[in-house]
> 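Take this structure, written in structure tokens, and hold onto it; I'll ask about it next.
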Amino acid sequence: MKTRLAQIFAVFGIICIAAYIFGPWSYTEKTTEALAPLTTSPARYVTQIIYDENDIHNPNRGTGVSATGTVNTTVQNTTQPSATNPAETNTSATAANDIPNDINGIINFYNNSLDKTTGLKKVGYTRNLTLCKAQIIGDKTNDQGVRNMVNVNNSDTAPSDLVKLDAAMVKSASGTSQGGKYVFVIELNDKTTNKNVKNGDGGYLGILGYDEVNSLVSTVAESALGIDGAKLSENYTCNMTKGKLQLTANPDGTVESVSFSGTQGGTGRVLIANVDLAVDLTSAYAVR
């Protein structure tokens, strides 16, 4: 009989233990706090578990009081949130990313821009004599009459002397995005040519041509030596250096302004005298 009772109690104990372990229970999850901002790296979250008052895992079971517990959860974010609206587009950044950054790309942009010069006018043009010297005649650099023949400080109404570039003309080129505009600085290679020099050679603008130089030295020879009709020799050499262009344009290529600076030097001969000339050149163009 005792053995039988012991067996019954043993079976009853097993049933109670199983009921405790596998018995019905329920809970509600509520995410209450993020421990780290959502980034591309895993983020930890705290999940609060609220046990029903009759849940067998509720330590307050039978008292009518619910209980809470916590579970740490890790999630992997597959997107990179932004502090601002990710749908917004930063036009300045977009413009900066689209700006040409190599010599050929900048040259192409510059050349295409010269087809979009509506409203562009030549607003400044200077030539400044820095050297006029000849054997026998002497140094006439500061002679006002000579300077008046060379020096220019005026403007035109059209940018017709702007010329397109090729890679052989360009030493370096760079571009930046400023206030929604593209600004390019193009440095030109030095250029050596002859009596046939003309505007645009090597990308240089406002050039003093052979006929102008010839007229200049003839006037100097006549005033200094009393020689009429002296002409510059045919083997005149023209050297152009320090050429620089700056273009400001909209991203679509329409021009806002262009500026040029450079130096022109020339060496020739009049009768038995060697003649050396040097002129600083500037040109400016803007939409008006």
Side-chain angles (χ1 to χ4, degrees), residues 107 111 114 122 124-156 158-172 186-245 258-285:
I107 290 173
N111 289 343
L114 296 189
K122 191 171 185 179
Y125 169 50
T126 68
R127 288 193 317 216
N128 181 43
L129 183 70
T130 58
L131 177 66
C132 179
K133 189 175 183 179
Q135 294 174 327
I136 305 175
I137 297 174
D139 190 340
K140 296 293 181 178
T141 304
N142 296 316
D143 185 293
Q144 194 58 50
V146 174
R147 296 183 67 81
N148 288 342
M149 294 183 65
V150 177
N151 291 359
V152 176
N153 186 3
N154 60 18
S155 61
D156 288 335
S160 57
D161 56 347
L162 284 170
V163 296
K164 295 187 176 183
L165 307 175
D166 60 52
M169 299 176 179
V170 178
K171 180 190 300 183
S172 67
I186 302 171
E187 293 189 358
L188 301 175
N189 285 315
D190 296 347
K191 173 75 173 179
T192 299
T193 184
N194 53 32
K195 65 181 289 289
N196 296 318
V197 61
K198 62 185 182 302
N199 179 77
D201 282 353
Y204 287 74
L205 305 176
I207 295 299
L208 192 67
Y210 174 79
D211 288 342
E212 291 177 281
V213 175
N214 199 28
S215 177
L216 170 67
V217 298
S218 295
T219 300
V220 171
E222 183 177 2
S223 63
L225 303 176
I227 300 175
D228 187 19
K231 291 185 178 180
L232 191 65
S233 61
E234 293 286 317
N235 60 347
Y236 171 73
T237 300
C238 180
N239 300 304
M240 294 173 287
T241 60
K242 302 178 182 178
K244 179 182 290 187
L245 289 160
V258 182
S259 64
F260 165 79
S261 62
T263 297
Q264 175 186 357
T267 301
R269 192 172 181 85
V270 177
L271 302 176
I272 61 171
N274 289 325
V275 178
D276 293 306
L277 292 170
V279 181
D280 285 339
L281 306 167
T282 69
S283 297
Y285 312 81

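Nothing fancy with the numbering, it's 1 onward along the sequence.
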> Please confirm whether the backbone N or O of Asp211 pairs with a side-chain atom of Ser215, one donor and one acceptor, at under 3.5 Å?
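Here the side-chain-to-backbone pair does not exist.
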
> Using the test side-chain hydrogen bond (donor to acceptor under 3.5 Å, both in side chains), find all partners of Ser261 that sit at least two apart in sequence or belong to another chain.
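With sequence neighbours excluded, Ser261 shows a side-chain hydrogen bond (donor to acceptor under 3.5 Å, both in side chains) to no residue whatsoever.
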
> Please identify each residue that fulfils side-chain contact (heavy atoms from CB on, under 4.5 Å) with Thr192, with sequence neighbours left out.
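Partners of Thr192 by the side-chain contact (heavy atoms from CB on, under 4.5 Å) criterion, ordered by chain and then number, come out as Thr237, Asn239.
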
> Taking Asn199 for its side chain and Gly206 for its backbone only, find out whether a donor-acceptor pair lies under 3.5 Å.
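Looks like yes, one N/O pair under 3.5 Å.
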
> Can you name the closest pair of heavy atoms from Leu277 and Cys132 and give their distance?
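Smallest interatomic distance, heavy atoms only, reads CD2-SG, 3.6 Å.
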
> Among residues at least two apart in sequence or on other chains, which ones pass salt bridge (Lys or Arg N to Asp or Glu O under 4.0 Å) with Lys195?
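Testing Lys195 for salt bridge (Lys or Arg N to Asp or Glu O under 4.0 Å), a comparison that skips the adjacent residues, returns Glu234.
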
> Quick one: salt bridge (Lys or Arg N to Asp or Glu O under 4.0 Å) partners of Lys231, sequence neighbours excluded?
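Residues passing salt bridge (Lys or Arg N to Asp or Glu O under 4.0 Å) with Lys231: none at all.
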
> Looking at every non-hydrogen atom in both residues, tell me the closest pair between Lys242 and Tyr204 and how far apart they are.
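Scanning both residues, the minimum pair turns out to be N-OH, 3.6 Å.
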
> State whether the side chain of Tyr210 and the backbone N or O of Cys238 hold a donor-acceptor pair below 3.5 Å, judged by distance alone.
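Pair absent, no side-chain N/O of Tyr210 close to backbone of Cys238.
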
> For a quick test of reading the model, state the closest non-hydrogen atom pair linking Ile207 to Met240 and the distance between them.
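It is CD1-SD, 3.2 Å.
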
> With a 4.5 Å heavy-atom cut-off, do Leu205 and Leu281 have their side chains touching?
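No, too far: nothing below the 4.5 Å cut-off.
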
> Provide the closest heavy-atom pair for Met149 versus Leu216 in the form atom of the first, atom of the second, distance.
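Taking Met149 first and Leu216 second, the nearest heavy atoms are CE-CA, 3.6 Å.
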
> More than 12 non-hydrogen atoms from neighbouring residues, nucleotides or ligands closer than 6.0 Å to NZ on Lys244, yes or no?
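Counting neighbours around NZ of Lys244, 12 or fewer heavy atoms of other residues, nucleotides or ligands fall under 6.0 Å, so no.
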
> Applying side-chain hydrogen bond (donor to acceptor under 3.5 Å, both in side chains), can you list everything that pairs with Lys198, at least two apart in sequence or on another chain?
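If we apply the side-chain hydrogen bond (donor to acceptor under 3.5 Å, both in side chains) test to Lys198, skipping adjacent residues, the hits are Asp201.
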
> Search all heavy atoms of Val220 against all heavy atoms of Lys140 and return the closest pair with its distance.
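Looking at all heavy atoms of both residues, the shortest contact is CG1-CG, 4.0 Å.
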
> Taking the side chain as C-beta and beyond, is there a heavy-atom pair between Ile107 and Asp166 under 4.5 Å?
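The answer is no; the side chains never approach within 4.5 Å.
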
> Is there a donor-acceptor contact under 3.5 Å from the side chain of Asn189 to the main chain of Gly202?
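Answer holds: no.
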
> Going by side-chain hydrogen bond (donor to acceptor under 3.5 Å, both in side chains), name the residues that satisfy it together with Asp280, two or more places apart in sequence or in a different chain.
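Checked Asp280 against side-chain hydrogen bond (donor to acceptor under 3.5 Å, both in side chains); matches are Thr263.
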
> Does the side chain of Asn128 come within less than 4.5 Å of Thr282's, by heavy atoms?
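No; the side chains remain at least 4.5 Å from each other.
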
> What do the steps show when you test Thr141 against Thr130 for side-chain contact (heavy atoms from CB on, under 4.5 Å), and what is the final call?
CA-CA 6 Å; Thr141 304; Thr130 58; 5.6 Å; no

> Without hydrogens or angle criteria, can the side chains of Thr267 and Asp276 be said to hold a donor-acceptor pair below 3.5 Å?
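Judged by distance alone, the side chains do pair up.
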
> Check the side chains of Asn151 and Arg127 for a donor-acceptor pair under 3.5 angstrom, ignoring hydrogens and angles.
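No, because no side-chain N or O of Arg127 sits under 3.5 Å from a partner of the opposite role on Asn151.
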
> In the structure I gave you, are the side-chain heavy atoms of Asp161 and Phe260 within less than 4.5 Å of one another anywhere?
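Not in contact.
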
> Using every non-hydrogen atom in the two residues, find where Asp143 and Gly145 come nearest and quote the distance to one decimal.
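Closest heavy-atom pair between Asp143 and Gly145: OD1-N, 2.9 Å.
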
